[in-house]
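As structure tokens, the structure follows; a few thoughts come after it.
Counting convention: from 1, in listed order, for ligands and their atoms alike. Source: prediction; values computed, not measured.
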Amino acid sequence: MTTDGLLAIHRYRTGRAGLVPLVLLHGFPLDHRMWDDVVDLLPGDRTVLALDLPGLGASPAGQDVADVRGASGEPALEVAADAVAATLRSIGIERAVVAGLSMGGYVAMALVERHPELVAGLGLLDTKSTADPDAVRANRHRIADAVLAEGNVDEVLGMSRALLGETSRVQRADLIGRLELWIRAQGPAGVAWSQRAMAARPDRTQVLAGFGGPALVLVGREDELASLADAEHLRAALPAADLVVVPRAGHMTSIEGPEPVAAALDALALRVDAG
Ligand code: MLT
């Protein structure tokens, strides 16, 4: 746990100088471990690290991160993006390929808006650039209130099934157990902060229109939380994006289809190196 408002860094490997590092941002309500399978499949010559977002995994509480950054009290993904930037700079990273899955994608888009010089390449996996409809926003606040009132994360445990596609739910019961374990490891305060921060996020489609670097949009064909239409909307907004659709995978492509995800991230990073 850090006391300087910086996020927990999980350095999977240190690669060759000269290759742009790959930085991975996880989804909700999880932590960096959702990238383990993908990292195992990536070539070994590039630095790869993942950060735990505020209040999740080993990172400090969202409120503490916000306080250190002098941000107002309201949970906000902008706080998370600024903390990602500060954390990367604290270890000498000034330019990276940044890939985020779902909530991690929301943070990556806020990073592009607020710290564009850091983002040499952008990976948006199972995510969307649009803001929440009112009903979704209200539900996030309901969940945040419930986990805080109950003092546990039971309210979001059901996500262990919802995050997966139908094929995985039927054929890969092990993945449900794995997700449950990761969700149970999160604290109610972090879950509540993240939900409120996601509820407050604006539409960032126009931010993507200004991102000229190499980009990847990836989605599980069976994703029930971020659809193929959401992915096509992202691809249309980005000037230079490839779209990859992962068959037989839902929202958790990093564990349901780690091979195509690793291949797509490697291809993105190579495009950045070549640029
Ligand atoms: C995630 O996987 O990060 C969540 O589904 C994001 C969200 O709730 O919008």
Basic-acidic side-chain contact under 4.0 Å: R142, E155:
yes
Check ligand 1 against R140 and write out every atom of the ligand that is under 4.0 Å from a heavy-atom position of the residue.
7 (C), 8 (O), 9 (O)
D37 and R178 ion-paired at < 4.0 Å:
yes
Geometry only, no angles: is L101 polar-contacting ligand 1 at N/O separations under 3.5 Å?
no
Could you tell me which atoms of ligand 1, counted from 1 in the order shown, lie closer than 4.0 angstrom to a heavy atom of S102?
1 (C), 2 (O), 3 (O), 4 (C), 5 (O), 6 (C)
Note: ligand 1 atoms sitting under 4.0 Å from heavy atoms of H251 are 1 (C), 2 (O), 4 (C), 5 (O)
Within the supplied structure, the quantity of interest is the number of heavy atoms (other residues, nucleotides, ligands) at a distance under 6.0 Å from R221 CZ; does it exceed 12?
no
Would E74 and R196 count as a salt bridge (charged side-chain N to carboxylate O under 4.0 Å, His left out) if you check the C-alpha gap in whole Å, the side-chain angles of each, and the deciding distance to 0.1 Å?
CA-CA 8 Å; E74 292 308 311; R196 294 198 204 283; over 6 Å; no
Of all the atoms in ligand 1, which lie at a distance below 4.0 Å from a heavy atom belonging to G27?
3 (O)
Ligand-residue contact atoms, ligand 1 with Y106, heavy atoms, under 4.0 Å:
6 (C), 7 (C), 9 (O)
Do L124 and L238 touch side chain to side chain, with heavy atoms closer than 4.5 Å?
yes
Would F28 count as being in polar contact with ligand 1, using the rule that some N or O on each side must be under 3.5 angstrom apart?
yes
Could you tell me whether R248 atom CZ has more than 12 heavy atoms of other residues or ligands within 6.0 Å of it?
no
